K.L.:
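Following this message is one structure expressed as structure tokens.
No experiment lies behind these values; they were computed from the predicted model shown. Numbered from 1 within each chain, the chains take letters A, B, ... in sequence-line order.
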Protein chains: 2
Amino acid sequence: MDDLLERLRAGLPAEALITDPDVTASYGNDMASFCAAGTPAVVVLPRSVEQVQHVMRTATALRVPVVPQGARTGLSGAANASDGCIVLSLTKMDRILEISPVDRIAVVEPGVVNAVLSRAVGEHGLYYPPDPSSWEMCTIGGNIGTASGGLCCVKYGVTAEYVLGLTVVLADGRLLKTGRRTAKGVAGYDLTRLFVGSEGSLGIVVEAVLALRPQPPAQLVLAAEFPSAAAACDAVCAIMERGHTPSLLEIMDRTTVRAVNKLANMGLPETTEALLLAAFDTPDPGADLAAVGTLCEAAGASEVVPADTVAESELLLQARRMSLTALETVKSATMIDDVCVPRSKLGAMIEGTAAIAEKYDLTIGVCAHAGDGNTHPVVCFDHLDPDESRRARESFDEIMALGLELGGTITGEHGVGVLKKEWLARELGPVSLELQRGIKQTFDPLGILNPGKLF
Amino acid sequence: MDDLLERLRAGLPAEALITDPDVTASYGNDMASFCAAGTPAVVVLPRSVEQVQHVMRTATALRVPVVPQGARTGLSGAANASDGCIVLSLTKMDRILEISPVDRIAVVEPGVVNAVLSRAVGEHGLYYPPDPSSWEMCTIGGNIGTASGGLCCVKYGVTAEYVLGLTVVLADGRLLKTGRRTAKGVAGYDLTRLFVGSEGSLGIVVEAVLALRPQPPAQLVLAAEFPSAAAACDAVCAIMERGHTPSLLEIMDRTTVRAVNKLANMGLPETTEALLLAAFDTPDPGADLAAVGTLCEAAGASEVVPADTVAESELLLQARRMSLTALETVKSATMIDDVCVPRSKLGAMIEGTAAIAEKYDLTIGVCAHAGDGNTHPVVCFDHLDPDESRRARESFDEIMALGLELGGTITGEHGVGVLKKEWLARELGPVSLELQRGIKQTFDPLGILNPGKLF
């Protein structure tokens with residue numbers, strides 16, 4: 001321990017090291033509930049690539065585990081400390097190094113906050129789509145590590161699709177460049193994509209080249225009330241089958257709607273069983289909303305209300321964005337699932353989740369990136385009640401089993417971390433798992449990078 | 001050899017095996033010039049996953065190299081046989097297994113021809129964008145192996161962005177499933193993307209889940225003549241900087257225009273130094289073409305001609321699509337390069353290529369997916385003239401060096417194969433190369449999958 005600190009100090013300024021146990025303990029975990037977290041030996045906040053290299057060389061020399069962290073807004077425990085580890089917080093490497101409107105790229109350090117980048121490129125008429133709910137806090141490095149999604153994905157895809165190239169400090173401190181600054185490129189295996197979603201287990205991202213798009217027009221949102229989740233899912237399928245390209249297509253169930261109203265007095269319709277939000281950022285969003293409104297009515301919507309203004313639309317989006325936070329107030333604790341199924345199975349997934357809630361006598365609110373088939377069932381329970389806690393955990397697992405049964409995945413965008421390790425093995429199967437471990441071994445032969453996560 | 005055939009026959013129907021040396025020799029190479037190719041021991045044309053597994057088990061048992069092939073339209077020698085190998089042609093596994101308009105996916109075998117799939121999904125109002133020039137012949141399996149691009153990429157991206165999940169037969173015959181049928185998913189390392197562009201060196205793709213889009217409106221094309229390639233590149237940068245989203249943005253230089261006219265009497269303007277083609281498949285393509293036309297004039301275009309009809313537009317696209325074929329008629333042989341640079345460096349790349357042509361006293365025609373910065377300099381030479389052949393090879397290499405110098409890549413879409421092996425090492429550098437080899441070792445410890453390619 002003394003040796004570790006001494007070696008770290010040799011290549012780092014004093015302000016980059018935190019050793020006060022009260023402070024280091026506060027870096028112990030991300031926002032996932034019920035994930036084990038250890039106590040870090042030290043927290044390092046580097047400000048340069050060289051400093052990151054020094055940390056990794058030291059860690060390799062002493063065989064000390066390193067847990068990279070961004071804003072710790074993750075929901076799977078992927079950023080949780082392990083005992084005696086170096087927490088490597090990249091939040092101070094937060095410079096936007098370049099924005100090029102001609103090349104439609106940005107070059108950034110990992111600690112840049114998502115919303116800061118979004119606003120900065122917006123000033124150039126550009127758009128960085130990935131927009132996780134935590135976008136005002138979360139960092140690009142964290143987004144890359146967890147391959148995060150958001151509300152925009154139904155039209156614009158996920159973080160992975162916006163990462164063109166990376167600079168990575170490897171476990172032993174060597175520097176790796178992957179990918180490119182160009183729009184296309186196929187030189188060798190796609191290492192860039194391998195790092196996206198690898199949860200810090202293969203290397204430390206210290207710079208990223210990101211693809212940008214032209215800023216689209218502001219989106220206009222429609223809200224439709226349905227007498228059942230199944231009817232809302234039918235509408236989702238009809239919208240996508242007819243070839244529409246909404247910029248957002250979300251479902252909030254009754255539990256979610258009521259929780260949001262209670263938290264923020266949003267005036268959402270409490271009698272609805274499922275509220276569908278659809279948005280378009282096309283040249284004529286009114287026409288698109290009208291067409292989608294007709295499809296909603298055909299699927300049984302009791303009420304279809306297109307927003308007239310961007311401000312009204314923004315209010316509806318705010319309601320959707322606070323869903324998880326609102327559901328957290330229903331009981332003393334929550335477990336947030338993240339199952340993604342083929343769009344055509346969305347109805348079966350949401351109905352099946354309701355059946356699981358009934359079976360376990362629990363409140364499970366569901367909000368969903370419906371256009372992507374990505375549901376977030378939120379199990380609400382009293383964590384001081386051991387029996388309810390047990391039922392919560394069992395229902396959480398049963399929801400994942402249902403997702404796999406429907407041809408889906410245990411995680412659409414939140415990642416595996418500590419929370420879903422056993423389930424990852426179940427989804428991947430032994431052949432894939434063996435190869436994934438082989439890749440891990442190639443990049444991190446000593447196993448010092450974020451150990452205990454993913455596998 | 002007898003042992004090999006005997007073992008193969010034990011698990012394959014007679015018609016799946018070709019041993020006649022005259023026929024097997026015809027499977028020796030793809031469409032790349034000047035790439036070494038060996039003589040296969042046998043050609044196998046499996047019709048099922050089980051048959052592919054049998055081939056790979058046999059190959060592993062006997063340590064025989066396996067070279068997977070699609071339609072052999074590749075341009076880098078990646079499908080070239082090695083001496084004594086099993087050529088594994090996937091062309092008979094050509095079933096479209098599923099098309100789902102709700103989920104916007106297709107599930108296909110690897111031998112499905114690109115254009116066949118495109119037409120089949122078109123009947124459902126869907127669109128499979130990747131459109132290499134060889135789309136009437138090339139297979140989806142080949143497209144995945146080479147990560148191929150096309151004319152659509154400036155708006156719709158490359159093959160990699162449309163591959164959601166794969167079923168792969170590994171070197172030892174085991175079956176691997178990667179990825180998903182869902183719109184999103186982040187469970188574990190992205191093995192799907194690792195296979196895309198891996199040139200058959202990691203496993204044999206036997207099934208693919210592909211993402212589809214709604215069919216866009218037919219595109220309308222504008223042709224603009226420029227007094228210099230630099231002026232045309234300025235127009236390209238202006239178009240992209242202003243936030244336009246063309247569905248196609250291509251440059252043909254004077255050599256290319258003349259070659260196309262000579263081959264097919266297309267009536268393209270022979271006095272132009274650079275012909276720019278821009279297209280839009282938006283709701284109001286006429287308005288977009290008008291805006292782009294104004295930018296072209298501002299950049300110095302001497303003539304701007306928007307097509308009035310889809311038929312006229314199709315004719316211009318045909319001219320572009322036959323560019324490589326036309327350039328092949330200029331001299332007895334060609335070497336086709338595939339350098340991609342940041343869009344902002346496109347002018348420097350094309351001007352630099354002209355300087356290289358002058359230095360080596362050669363004709364080098366350039367057509368380019370200009371919107372992506374992806375140039376195809378085609379070195380035309382007399383292959384019976386040893387000095388000209390030497391100069392051709394040297395200029396080919398110098399073009400790649402220039403691309404790297406400008407922050408680009410040696411291959412935007414054609415791949416590495418045999419043709420650019422040495423250059424891959426130069427682009428990647430030793431750290432990346434070591435990791436890439438480590439991945440290869442993990443998937444193919446005996447090194448029997450397409451040996452001698454990539455590295």
Side-chain angles (χ1 to χ4, degrees), chain A residues 100-104 125 147 149 153 158 161 174-178 180-191 193-194 196-198 214-215 237 240-241 243 245 283 340-344 372-374 407-413 415-416 424 427-428 431-432 435-436 438-439 442-443 454, chain B residues 100-104 125 147 149 153 158 161 174-178 180-191 193-194 196-198 214-215 237 240-241 243 245 283 340-344 372-374 407-413 415-416 424 427-428 431-432 435-436 438-439 442-443 454:
Chain A
S100 166
V102 171
D103 292 329
R104 289 187 186 164
C153 305
V158 294
E161 289 164 59
R174 286 185 300 169
L175 210 58
L176 168 71
K177 292 241 182 194
T178 76
R180 51 198 162 83
R181 288 172 61 94
T182 54
K184 290 156 81 179
V186 294
Y189 302 139
D190 191 344
L191 300 189
R193 194 68 171 244
L194 205 51
V196 179
S198 66
Q215 183 87 54
C237 289
M240 299 306 278
E241 190 171 14
T245 308
C340 190
V341 294
R343 195 178 292 126
S344 55
D372 288 323
N374 191 181
T409 170
I410 57 163
T411 174
E413 57 181 11
V416 174
L424 180 71
E427 175 167 338
L428 296 182
V431 176
S432 178
L435 293 167
Q436 303 235 355
I439 290 170
T442 299
F443 282 81
L454 275 172
Chain B
S100 166
V102 171
D103 292 329
R104 289 188 187 165
C153 306
V158 294
E161 288 164 60
R174 285 185 301 168
L175 209 58
L176 169 71
K177 293 242 182 193
T178 76
R180 51 197 160 85
R181 289 172 60 95
T182 53
K184 290 156 80 179
V186 293
Y189 301 141
D190 191 343
L191 300 189
R193 194 67 172 245
L194 205 52
V196 179
S198 65
Q215 184 88 54
C237 289
M240 299 305 279
E241 190 171 14
T245 307
C340 191
V341 294
R343 193 178 294 125
S344 55
D372 288 322
N374 190 182
T409 172
I410 57 163
T411 174
E413 57 180 12
V416 174
L424 180 70
E427 175 166 339
L428 296 183
V431 176
S432 178
L435 293 167
Q436 302 235 354
I439 290 170
T442 298
F443 282 81
L454 276 172

K.L.:
Please report the interatomic distance CZ(A:Arg104) to CE(B:Met240), rounded to the nearest 0.5 Å.
P.N.:
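It comes to 3.5 Å.
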K.L.:
Return the option, out of B:Thr178, B:Leu454, B:Leu176, B:Thr409, with the maximum number of heavy-atom pairs under 4.5 Å with chain A.
P.N.:
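The option with the most such pairs is B:Leu176.
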K.L.:
Tell me the closest heavy-atom pair linking B:Ala183 and A:Asp372, and the distance in Å.
P.N.:
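Where B:Ala183 meets A:Asp372 most closely, the heavy atoms are CB-OD1, 3.5 Å.
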K.L.:
Side-chain contact test, heavy atoms from C-beta onward, threshold under 4.5 Å: evaluate it for B:Leu435 versus A:Tyr189 and give yes or no.
P.N.:
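No. Closest side-chain heavy atoms not under 4.5 Å.
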K.L.:
For B:Leu194, is it the side chain, the backbone, both or neither that has a heavy atom under 4.5 Å from a heavy atom of chain A?
P.N.:
both
K.L.:
Between B:Ser432, B:Gly197, B:Pro342, B:Gly408, which residue shows the highest count of heavy-atom pairs closer than 4.5 Å to chain A?
P.N.:
B:Pro342
K.L.:
With rounding to the nearest 0.5 angstrom, report the CD to OG distance, B:Glu241 to A:Ser100.
P.N.:
8.0 Å
K.L.:
Can a donor-acceptor pair be found, under 3.5 Å and without considering hydrogens, that links the side chain of B:Asp103 to the backbone of A:Ser344?
P.N.:
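Yes; judged by distance alone, with no hydrogens or angles, the pair exists.
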K.L.:
CG of B:Leu428 to CG of A:Leu191: how many Å apart, nearest 0.5 Å?
P.N.:
7.5 Å
K.L.:
Could you look at A:Cys153 and say if it's the side chain, the backbone, both or neither that has a heavy atom under 4.5 Å from chain B?
P.N.:
side chain
K.L.:
To the nearest 0.5 Å, how far apart are NZ in B:Lys184 and OG1 in A:Thr411?
P.N.:
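These two atoms lie 9.5 Å from each other.
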K.L.:
What option among B:Pro214, B:Pro101, B:Gly412 has the most heavy-atom pairs under 4.5 Å with chain A?
P.N.:
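Most pairs with chain A among the choices: B:Gly412.
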K.L.:
Which value, rounded to the nearest 0.5 Å, describes the distance between B:Arg343 atom CZ and A:Thr182 atom OG1?
P.N.:
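Spacing of CZ (B:Arg343) from OG1 (A:Thr182) equals 10.0 Å.
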K.L.:
Which heavy atom of B:Thr442 sits nearest to which heavy atom of A:Ile439, and what is that distance?
P.N.:
CG2-N, 4.2 Å
K.L.:
Using a cut-off of under 4.5 Å for heavy-atom pairs, which of B:Gly438, B:Gly185, B:Pro283 has the most such pairs with chain A?
P.N.:
B:Gly185
K.L.:
Determine the minimum heavy-atom distance between A:Val416 and B:Gly188, stating which atoms define it.
P.N.:
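Residues A:Val416 and B:Gly188, closest heavy atoms: CG2-N, 4.2 Å.
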K.L.:
Any idea which heavy atoms bring A:Ala187 and B:Ile410 closest together, and the distance?
P.N.:
CB-CG1, 4.4 Å
K.L.:
Counting only heavy atoms closer than 4.5 Å, note whether A:Glu427 contacts chain B via side chain, backbone, both or neither.
P.N.:
side chain
K.L.:
Between A:Asn374 and chain B, with a heavy-atom cut-off of 4.5 Å, which part of the residue counts as in contact: side chain, backbone, both or neither?
P.N.:
side chain
K.L.:
Below 4.5 Å from any heavy atom of chain B, which atoms of A:Leu424 appear? Answer side chain, backbone, both or neither.
P.N.:
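It is the side chain, since no backbone atom gets that close.
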K.L.:
What part of A:Arg193 is in contact with chain B, defined as an atom under 4.5 angstrom from a non-hydrogen atom: side chain, backbone, both or neither?
P.N.:
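Looking at A:Arg193, backbone and side chain both touch chain B.
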